[in-house]
Amino acid sequence: MTHHHLFNVLRGTVLALAMLGAVGQAAAAVDAHPNQYHVVIDTTSLAGTGWFDLQLNPGLVSAPGAIATLSNFVGSLDNGQGAESSGDVAGSLPGTVQFGNSTAYNDLFHAVNFGSTFSFDIAFSGAFLNTTSNIGSSFGFAIYADDATTTLGNADAASGNVLQFNLLPAAGAGQYGYVSNTVYDAGLVSVSAVPEPSEWLLMASGIALLGFATRRRRAMAK
Amino acid sequence: MNNSFSILSPRLQPAQRSLPIAKNYRLTIIAALLAAFSGAASAASDVVISQVYGGGGNSGSSYRNDFIEIFNRGGAAVNVNGWSVQYASASGSSWAVTTLPNVVLQPGQYLLVQEAAGVGGTTDLPTADRVGTIAMSGSSGKVVLANIATAVSGPTAAAVQDLVGYGAANVFEGTSPTTSLSGANAALRAADGCSDTDQNGGDFSASPATPRNSASPLHACGVATNTPIVVTCPASLALTSAAGGNTALSATDADGIVNAISLADGTVAGISLGSLTAATEAGGVTSIILNVNASVANGSYPVVINFGNDQAQTASCTVTVTIQPAAGVTNSISAIQGSGATSPFVGTTQTTEGVVTLVVNTGFYIQDAVGDGNPATSDGLYVYTGSAANTIVAGDMVRVSGTVIEFTAGNAAKPITELGFVTAISTIGSGISITPTNLTLPLAANDDFERYEGMLVRFTNTLTVSQNYFLGRYGQVTLSSGRLEKATNRYRAGSPEAIAATAANLANSIVLDDGLSTQNPNPLPFIGADNTLRAGDTVSNLTGVIDFGLSTSTATGPSGYKLQPSITPTFSRDNPRTSAPEAVGGNVKVASFNVLNFFTTFTNGATADGQTGQGCTQGTSTRASNCRGANNITEFTRQRDKIVSAMKAIDADVLGLMEMQNNGDTAVSNLIGALNAELGAGTYAFVPRPANGTGDDAIRVAMIYKPGKVSLAGGSLSDTDAINSRPTFAQGFALVNGERFAVVVNHFKSKSSCPADGSADDDHGDGQGCWNALRTLQAQRLTNAFIPQVQAAAGSTDVLVIGDLNAYGAEDPIQALLGVGMVSGIERFIRPHATPYSFVFDGESGYLDHALMTASLAQKTSGVVEWHINADEPSVIDYNTEFKVQDLYTASPYRASDHDPVIVGLNLQPAFSDVSASFATFSSGLIYNRRTQTFNGTITITNNSTSAISGPFQVELDNLTAGVTLTNASGTHDGASYVTVSSASLAPGQSISVPLSFQNTAKVGISYSAKIYSGTF
């Protein structure tokens, strides 16, 4: 939890920096392609039990490698009904779960108790970030009813997802892959970027620069 | 100019005649000066060597003997007794001598000295004046004329009167010897021996030997022929008692000035001459007026007029002046004309009176000075005098006695009233002008011209040239208010609209004549800039006299109302030429061109390849009289140059040709040769003849194409069905992009050579002409039988029917084609902004040359134009050489034929094309939906080219993993599923994401390769 708190503090700082207009290199780097996100699912509008469906699948078998690491899961799991996993999935909730994209279908299907808030962190890594390719992978999050068939929420009709992360490999030499996300039901799901350790450093130096700039300004005001 | 005087002429007065000195006279002076001061030339002599020939008897020569010809170029006789001609080799100094006979050589007389014979040659010389035995070189040597009978000491000895060094001679007059001679060529002194500038190189030229002897016609050098005075006097001058009158007299002398005109002694008092208007230079006209005073008593007076010039020459003429009481006017012009179509006084003798409005070459028109005020009767009358000379000029008031005639020219539709067998013409006044009656075309009806027959009229509106076909032959142009469109070019035959349009055209045309009944007038009347008068050009304020008569020299030919202009009309080039047809768009250009009998066998039996005694085949007969095109190689070259010039400008990828000689590939390959000589080898090729042949008419249809633009798809086809006049000819073509189309070239039965057997093919007077029924059957045969064959052979439903269908736009054969769904490209693309026409006949324009498309091809037709290079141009500028008193031919495209070419643009693009190379794709990950049990994602396509790419697009997934199906596929193409994206186009950089949904029950790894197509499968 300490971690979480610290994140929120820092997050507030980032926002403050942005609002101050000090959009330096550090701030831009944070916003550019955050590969780690904090996801909050508010199921208070739902009742009973159902299922979380999480999957990381390639577009084609030739997609560059991608890994999604789910951690810091918080929420009410329905351990009575349990979970099913398929393909390249390791670990179990509420512990850290790691998804790979090495098969067509890499899925964790876990029963949950609706009515409260869930959250987890999800981080993306792998070869796609520095491999040029036109084949992406997608990490999908869908909520199914107790029948394991009916999608809940204002889900995407095709995929059934309420949240999807799109993993886009580098578009060309010298470029980097990145992750984007789409929230289909903002009432159920919210997503925020979590700065990575390297970005923490950048952000710290950004604060330092900000302080320096403030001092300079004072000096000049004399 | 005959002002060519010898230096010896006693009449020459250089100071007086400095201007007209002839060139050769000046040269003589210069030559004399050179001879006097140079000292290099031989002694000046009027007797010269005029011809040297050493090739006699050589192998291949025509003459058996060498010869030397001498000539007296002076003005006085010369006795050559004791003279000689002598020869030495080119570099030799040994002179062989032939003495001359004892003759006196007259000015201009030749003398022929025959020399040695050889074994060759076939022709004896004319009788020689002297026979010698000198063997002269055939190529190089020296000849002198000496006034001694013994060998000269050298070529410049004092006795030498003339020296000629020829070929490689080491001595000669002037700066060079004559050119080398040969078995055929002698050295001939220029101007038949007169030219002598003491320059052997310049005075002589090598030309075929033409020996002349003392009996040959004399050719005096530089002596002028003193031409006589030529006088122009009317034979008679008939005047009315106590009216007086006058007539103009004139005289001219080609080499002098007529400077005196006088009446002979004893001329009756009261007859006098006005003041003399003398010519200002030799050849000019001197004129004078012969006046007859009103006081001269009645009687007939032969008046002798004497003329004199500055050369003391005289001439005279006699004008018989007759003074008689005027016959009493029996009827006015209006009364003689009457209100009907013919005169109520026909056949009777009448005397009438009027003002001369126009004099033409066979008579004159008179008009009542006041008129009778009755618009139904004409106030004008034609007085026919034939070739009889008279003194009448416009503005004279005359009283004429003669017989009222209704004259019908040939089979003309109606007669004109005229006064003929004229017994008396009395001039009773002059200088009177008649105000022309204003007319505006169209009249209410064509017959309304009758009431203006013989009258001076002025057209108030601007008139347009509708036809110029007879401009050259008869000096005639058909005019109307605006162009006249053939009724059946636009309206169905027999419809109220067609009937009305036909009548309107009749009331809206008049033939402008040149006032001459002669053929092939020279100079051509009415011709304008670029030596043409185009149909569509205009004329304003046209003024003249209304006439009626034949339009051609053919008695059975067309006739109608004509205008004989009293004021020379000035035309405005309102329909200018264009140097190339308008653009038609698309990626293939097809043209139809009736080339008006392109025959490589000529009517003289010769061929373009140089054969003679050949003929053209029609049916089973082969003879030169079957040939329809050029008369000879000269005409053919002119014809071909024009056609090639036109074809270059048309620049079609496929050209359908009508009226090519039906002599296998000879004519068409000749044309190809000429085109490729201009455009580069291989630019054009001809479509091979079909297996069924090209029929047995003298002409055929043909096709040529650019192999660099299209290739042949399938074999050529012809429809030899008996219903066709010429087998229809078809060929499929393929473009580089794979698209195919077929062209069908036709030449339906012409409207001429009418049957009169009561059959459906007779001329039914509905405007469609003869053989309309046959042409309709030919059209039906085309659509019912042939086009389906062509489509099968070409592998395409896209068929373009072109050619000379000999039917105007709205006639039955065209309706037959339109009735089965063919589309008229001309109606679609030309009619909305201009009257379509490719041909002019009887003053009416219409299109006989068509471009019709099957429905599928119509959608791909980008444009159709007619290039008006022929129908609007007068035939007098064409390639023919007959009837061309003025040859206005040029090798330009204009009047290359009688039909205008039609050009069609086709835009033949594939229905779809693989544009994958212009796109980047991105395949998203695929999420499994438990409800639908499908994997879902997107493929994003991005236009990464630099130009917009038009849709719709087809995203095709090739080699999709087995067991996986694309559940949202729009269809399959080549066995692969695809999804259709209906976007109209994607700009550069623009993307679109396409959903993909797969059924993958086994959840196997999915792979595919994406292709993007533009268009529709």
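Excluded from the calculations below are hydrogen atoms, water molecules and symmetry mates; all remaining heavy atoms, backbone and side chain alike, are included.
Contacts with chain A (heavy atom to heavy atom, under 4.5 Å) involve these residues of residues 924-938 of chain B, listed by number: B:Ser924, B:Gly925, B:Leu926, B:Ile927, B:Tyr928, B:Asn929, B:Arg930, B:Arg931, B:Thr932, B:Phe935, B:Asn936. By a heavy-atom distance cut of under 4.5 Å, not one residue of residues 945-965 of chain B is near chain A.
Contact annotation for A:Ala158: both backbone and side-chain heavy atoms come within less than 4.5 Å of a heavy atom of chain B. When heavy atoms are compared at a cutoff of 4.5 Å, A:Ala145 does not approach chain B at all. Contacts of A:Ala148 with chain B are made by backbone atoms alone, with heavy-atom separations under 4.5 Å and no side-chain atom involved.
Nearest heavy-atom pair across A:Leu60 and B:Tyr1008 is CD2-O, 3.2 Å.
Note: A:Ser159 leads A:Ala104, A:Gly87, A:Ser159, A:Ala63 in heavy-atom pairs under 4.5 Å with chain B. With chain B as the partner, the residue from A:Leu167, A:Asp53, A:Thr103, A:Asn166 showing the most heavy-atom pairs under 4.5 Å is A:Asp53. Of the residues considered (A:Gly160, A:Gly140, A:Pro58), A:Pro58 shows the highest number of contacts with chain B, using heavy-atom pairs under 4.5 Å. Interface remark: of the candidates A:Asp147, A:Ile135, A:Leu56, A:Asn101, A:Ile135 forms the most heavy-atom pairs closer than 4.5 Å to chain B. Among B:Gly1005, B:Pro995, B:Ser997, the residue making the largest number of heavy-atom pairs under 4.5 Å with chain A is B:Gly1005. For the set A:Leu168, A:Asp156, A:Thr151, A:Thr150, the entry with the most heavy-atom pairs within less than 4.5 Å of chain B is A:Leu168. Heavy-atom pairs under 4.5 Å with chain A peak, among B:Asn1000, B:Leu996, B:Ile1006, at B:Ile1006.
Sparse packing is recorded around CD of B:Glu582, with 12 or fewer heavy atoms of other residues, nucleotides or ligands lying under 6.0 Å away.
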